[in-house]
Every structure is written in structure tokens, then in C-alpha cells.
Asker: 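Sending over a structure as C-alpha cells; questions will come in a sec.
Counting from 1, the numbers follow the sequence of the chain as shown.
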Amino acid sequence: MQRICIFLVAMAAAGCDQNTVATETGHSPEDYARLEQFIQQVKSQLIFVEGGEFLMGDFGEQYGRDRLPFDSRQDSKPLHQVALTSYSLSKFKASNQQYQFYLEWNDIKGRSFKGRLRAKDWEERAQTSGTPAHVDWNEAREYCDWLAKITELPFSLPTEAQWEYAARSRGQYFAAPTDDGTLRIEGRKGINVATGYDRKAYASEAGTGLEYSSPTPGDFRPPNPLGIYDMAGNGWEWVKDWYDPDYYKHSPVKDPQGPDKPVFKDIDGHYTRVLRSQDFSSWWGGLTMTRFNADPESQLHPPGDKTVRCAVNSPHPVK
């Protein structure tokens, strides 16, 4: 941000008009004013997460109410000790509006869905401004890296451990990343998550044809106790880590980063990265400990159900 201000002051001191600035930088003073607003918005949406120790993984058998596992799969086991340095995490998944600003600022052509199955659906998702942007892992990383550049803050994708610690409100034994650690649905309507009924109703209000497959705005339902929204569904979230189904067996205690190199291939022969959250909220998905994995480049499928939430790796709150 300081670089932006210095640049504009220097241009003014040199007697440059708006056309000169636009010619030399590709952006006008009005563009930089929009960038400043964008930066302030991004910074205002950061939640400081004080570091600490917690037991990461499926805690159901030891600490769940019924002493039963929450997850039938083995990759969320064993329960293991993790100690994290403090960091900040965005309270929202990156929105289409934010991601489109990033694309426009950097003159990056948006993703084309032509020829894809349900191409019209993917395009409608990408055009609904308040809902999560859909990206592959590389696009997610590049977006967080750009935030680091324009804010001069250490933005990055969160690690898997950072995501789970925040989802569990600093490692508490919350099975769901919601306001009370549960998934509450009354009739067809979700109280702290969005059901198919809620998604269809929102699609109707938004004037899209997405119906049950519609994403919803980030603040559609209440945040978790830390103030972080939308971690139980509305799009899988990419994290930094390569996926290894056995990683928890040898994960380091201090600030684990995932495997140093690719480990696990999907059925199509592509190495995979970890995903957290869920595409659509349900009683079995979007829990705090469940792990998913996918090809980072989404080579066979458009990333219509995958999104990004960036972290700031600083032990102090962002001002």
C-alpha cells in the first residue's frame, strides 16, 4: 500500500496528468483508488487466530459425545498433537467480485467453460458477485500471492492444520465449523448451514437457473465463534498441503506444512492437493476433520466446486 501512495505522490510532484500515469503504468489514479479500497476490504476481513496446541484429526472416539468416530475414513487418523504459531485467516472465501478484480487488474483472461458439461451452470456461478470464486489450486495460490504483493503482508494459502484449527475455533472439539459446532436443520431450512431448499430459494432471488446447485453468499449463515464464515460448505477450499493419506502418522508437531513433495495420485494418475470444507452442506460432510483431495489443475473437471480462503502468516494482528 505504501508503494501505491509513494507512486501517486511522485507522479503528482512530477506534474504528470492522469493520461501520463495511465500510459506509464497501465492503471489510472482512479484504478489505484479502487485498488486501495480493495486492499482495505481484504484487510478488514481478516480474523486473527491466536496460536496454540490442539489434537488434530478425528477426535470422535476419544472426545465425541457418543465416543464414536465422526469420519469412517482412515486419513483423518490418528489423532495427533499440533502446535501452531499465530496467524490470520480471511473470514470469507474469496468472492467472485474480489477474484474478478484481481483478474482485471492483472489483465488475466477468465476461465472459459465452453464445451464443458453444464457449462452454463459454471458460468452463472462465476458471474454471481457475492458468492465464492471457483478456482483450481494454482489459481488459488496465485491469488493469495498477489494479495501478498499488493498488501506487503505474508499472504498465502493456509495449511491444512491452520484450516482445521480455525474451523474448530482454536482447536476445540467442534465436529462442525459452525456457530455451535453442530449442523442444525429444521424441516427443509438450514439454521446454521445452507440446505438444498435454501440454495434453490437464493437462486430464485438472484435470478439464476442454478436451483439446488447454487452457491450462496459468504455471510448467508452465522460464522463460527472466531467470526469465520462458510467453512461447512459452499465450496471445497484448497489448502497448501500435498495430500498423503498417511501424513498424520508422521506429521511434525510444530506448524506442519504437509509433505515436501507429491505423494498420492488419483485414479487418473494425477498427484493431489488437500481440500477442506465441502461443496454442499450436509449432515455427513463439511466436518472439521474430514479431508478431501483433488488434482490441483482440475485437468478433467472445471473447478466449479473448489474455492480459496487466504491466510496471513504473521504472529501479530493485521492493522
Asker: Are Ile39 and Phe92 joined in one hydrophobic group, where the rule is that I, L, V, M, F, W and Y side chains link up if heavy atoms are under 4.5 Å apart?
Answerer: no
Asker: How close do Val308 and Cys144 get, heavy atom to heavy atom, and via which atoms?
Answerer: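 It is CG2-SG, 3.8 Å.
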Asker: Are Ser95 and Gln97 linked by a side-chain donor-acceptor pair shorter than 3.5 Å?
Answerer: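 There is no such pair between these side chains.
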Asker: Please report the closest heavy-atom contact between Leu46 and Ser88, naming both atoms and the distance.
Answerer: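 For Leu46 versus Ser88, the nearest heavy atoms are CB-CB, 4.3 Å.
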Asker: Any heavy-atom pair between the side chains of Phe54 and Leu84 that's under 4.5 Å?
Answerer: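 Yes, close enough: below the 4.5 Å cut-off.
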Asker: Please report the closest heavy-atom contact between Ala166 and Ile228, naming both atoms and the distance.
Answerer: CB-CD1, 3.8 Å
Asker: Do Glu160 and Gln257 get their side chains close enough for a donor-acceptor pair, meaning under 3.5 Å?
Answerer: no
Asker: Just by modelled atom types, is the Asp246 backbone N or O under 3.5 Å from a matching donor or acceptor in the Asp244 side chain?
Answerer: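 Flag set: sc Asp244 to bb Asp246 pair under 3.5 Å.
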Asker: More than 12 heavy atoms of other residues, nucleotides or ligands under 6.0 Å from CZ of Arg170: is that the case?
Answerer: yes
Asker: Between Ser251 and Tyr247 (side chain of the first, backbone of the second, donor and acceptor by atom type, cut-off under 3.5 Å), is there such a pair?
Answerer: no
Asker: If you round to the nearest 0.5 Å, how far is NZ of Lys77 from NZ of Lys249?
Answerer: 11.5 Å
Asker: CG/Leu210 to OH/Tyr202 distance, rounded to the nearest 0.5 angstrom?
Answerer: 9.5 Å
Asker: Would you say that Pro256 contacts Thr159 through its side chain, given a criterion of any heavy-atom pair below 4.5 Å between the two side chains?
Answerer: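 Pro256 vs Thr159: side chains apart.
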Asker: Do the side chain of Ser44 and the main chain of Gln41 share a donor and acceptor less than 3.5 angstrom apart?
Answerer: yes
Asker: Answer whether the closest heavy-atom distance between the side chains of Asp198 and Thr216 falls below 4.5 Å.
Answerer: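 When only atoms from C-beta onward are counted, Thr216 and Asp198 do not touch, as no gap falls below 4.5 Å.
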Asker: Using modelled atom types and a 3.5 Å cut-off, is there a donor and acceptor pairing between side-chain atoms of Glu139 and backbone atoms of Asp136?
Answerer: yes
Asker: Would you check if the side chain of Tyr165 reaches a backbone N or O of Gly52 as a donor-acceptor pair within less than 3.5 Å?
Answerer: yes
Asker: Work out which heavy atom in Val193 is nearest to a heavy atom in Ala232; give both atom names and the distance.
Answerer: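 In this case the closest contact between Val193 and Ala232 is CG1-CB, 4.0 Å.
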Asker: Is it true that the side chains of Tyr173 and Arg168 contain a donor and an acceptor less than 3.5 Å apart?
Answerer: no
Asker: Are Asp180 and Asn192 linked by a side-chain donor-acceptor pair shorter than 3.5 Å?
Answerer: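 Result is yes, a qualifying pair exists.
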Asker: Can you tell me how far the CG atom of Leu183 sits from the CD1 atom of Ile191, to the nearest 0.5 Å?
Answerer: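 These two atoms lie 12.0 Å from each other.
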Asker: Identify the residue among Asn313, Asp241, Asp255, Thr85 that makes a side-chain hydrogen bond (donor to acceptor under 3.5 Å, both in side chains) with Gln162.
Answerer: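 Going through the options one by one, the only one that passes is Asn313.
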Asker: Mind checking whether Asp31 and Trp105 have side chains closer than 4.5 Å, heavy atoms only?
Answerer: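 Side chain of Asp31 against side chain of Trp105, heavy atoms only: contact under 4.5 Å found.
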Asker: For the side chain of Asp71 and the backbone of Arg73, is there at least one donor-acceptor N/O pair under 3.5 Å apart?
Answerer: yes
Asker: Would Met231 end up clustered with Phe70 when hydrophobic side chains under 4.5 Å apart are linked, directly or stepwise?
Answerer: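 Met231 and Phe70: separate clusters.
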Asker: Say you draw a straight line from CZ of Phe101 to CD of Gln37; how long is it, rounded to the nearest 0.5 Å?
Answerer: 8.5 Å
Asker: Closest approach of Cys310 and Leu89, non-hydrogen atoms and distance?
Answerer: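 Reported closest heavy-atom pair: O-CD1, 3.6 Å.
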Asker: Report yes or no: do Gln100 and Glu104 form a side-chain donor-acceptor pair below 3.5 Å?
Answerer: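 No pair is found: no donor N or O on one side chain lies under 3.5 Å from an acceptor on the other.
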Asker: Go through it in stages, so that I can follow the logic: the residues are Tyr271 and Asp295, the test is side-chain contact (heavy atoms from CB on, under 4.5 Å), and I'd like the CA-CA distance, side-chain angles, deciding distance and then a yes or no.
Answerer: CA-CA 6 Å; Tyr271 286 110; Asp295 164 24; over 6 Å; no
Asker: Taking the six-membered ring of Tyr229, is the NZ or CZ of Lys91 close enough (under 6.0 Å from the centre) and on axis enough (within 45°)?
Answerer: no
Asker: Less than 4.5 Å apart, side chain to side chain, heavy atoms only: is that true for Ser169 and Phe174?
Answerer: yes
Asker: With a 4.5 Å cut-off on side-chain heavy atoms, are Leu55 and Tyr63 touching?
Answerer: yes
Asker: Side chain of Ser86, backbone of Gly51: donor and acceptor closer than 3.5 Å?
Answerer: yes
Asker: With under 30° as parallel and over 60° as perpendicular, where do the rings of Tyr143 and Phe38 fit, or are they tilted in between?
Answerer: perpendicular
Asker: Ignoring hydrogens and geometry, is there a side-chain-to-backbone donor-acceptor pair from Gln278 to Gly233 under 3.5 Å?
Answerer: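 Here the side-chain-to-backbone pair does not exist.
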Asker: Start with the C-alpha distance between Val42 and Gln98, add both sets of side-chain angles, then the distance that settles side-chain contact (heavy atoms from CB on, under 4.5 Å), and finish with yes or no.
Answerer: CA-CA 9 Å; Val42 168; Gln98 290 173 324; 4.3 Å; yes
Asker: State yes or no: do Leu275 and Val135 share one hydrophobic cluster built from I, L, V, M, F, W and Y residues joined by side-chain heavy-atom distances below 4.5 Å, directly or via other members?
Answerer: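 Both belong to a single hydrophobic cluster.
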Asker: Between Asn138 and Glu297, is a side-chain contact (heavy atoms from CB on, under 4.5 Å) present by the stated rule, with each step listed?
Answerer: CA-CA 7 Å; Asn138 295 303; Glu297 296 182 357; 3.2 Å; yes
Asker: Assess the residue pair Arg184 and Asp179 against the criterion (salt bridge (Lys or Arg N to Asp or Glu O under 4.0 Å)); give the C-alpha distance rounded to whole Å, side-chain angles, the decisive distance to 0.1 Å, and a yes or no.
Answerer: CA-CA 10 Å; Arg184 288 184 291 135; Asp179 56 343; 2.9 Å; yes
Asker: Count I, L, V, M, F, W, Y as connected when their side-chain heavy atoms are under 4.5 Å apart, and connections chain through other members. Are Trp236 and Trp137 then in the same cluster?
Answerer: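 Yes.
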Asker: Both conditions, 6.0 Å and 45 degrees, for the charged tip of Arg141 above the ring of Trp238: are they met here?
Answerer: no
Asker: Which atom names give the shortest non-hydrogen contact between Thr288 and Glu164, and what distance separates them?
Answerer: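 For Thr288 versus Glu164, the nearest heavy atoms are O-CG, 3.3 Å.
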Asker: Could you tell me whether the side chain of Asn234 reaches within less than 4.5 Å of the side chain of Lys93, counting heavy atoms only?
Answerer: yes
Asker: For Phe292 and Tyr243, I'd like to know if the aromatic rings sit close, meaning centre-to-centre distance below 6.0 Å.
Answerer: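 Aromatic pair excluded; centres sit 6.0 Å or further apart.
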Asker: Counting distance only, does the side-chain N/O of Arg273 pair as donor-acceptor with the main-chain N or O of Lys240 below 3.5 Å?
Answerer: yes
Asker: Taking atom types as modelled, is there a side-chain donor on Trp163 or Glu237 under 3.5 Å from an acceptor on the other?
Answerer: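 On atom types as modelled, these side chains qualify, holding a pair under 3.5 Å.
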Asker: Please report the interatomic distance OG1(Thr195) to OH(Tyr212), rounded to the nearest 0.5 Å.
Answerer: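 If we round to the nearest 0.5 Å, Thr195:OG1 and Tyr212:OH are 9.5 Å apart.
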Asker: What do you reckon, is CZ of Arg65 surrounded by more than 12 foreign heavy atoms closer than 6.0 Å?
Answerer: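 No.
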Asker: Could you state whether Leu226 and Leu287 fall into the same hydrophobic cluster, counting links through intermediate Ile, Leu, Val, Met, Phe, Trp or Tyr residues with side-chain heavy atoms under 4.5 angstrom apart?
Answerer: no
Asker: Centre-to-centre under 6.0 Å for Trp146 and Tyr99, is that the case here?
Answerer: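 When the ring centroids of Trp146 and Tyr99 are compared, they turn out to be at least 6.0 Å apart.
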Asker: Could you walk me through whether Val239 and Val274 pass the side-chain contact (heavy atoms from CB on, under 4.5 Å) check?
Answerer: CA-CA 6 Å; Val239 295; Val274 176; 3.5 Å; yes
Asker: Once rounded to the nearest 0.5 Å, what's the spacing between atom NE2 of His80 and atom NE2 of His250?
Answerer: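 NE2 of His250 is found 10.0 Å from NE2 of His80.
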Asker: Less than 4.5 Å apart, any side-chain heavy atom of Glu30 and any of Arg34?
Answerer: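 No. Closest side-chain heavy atoms not under 4.5 Å.
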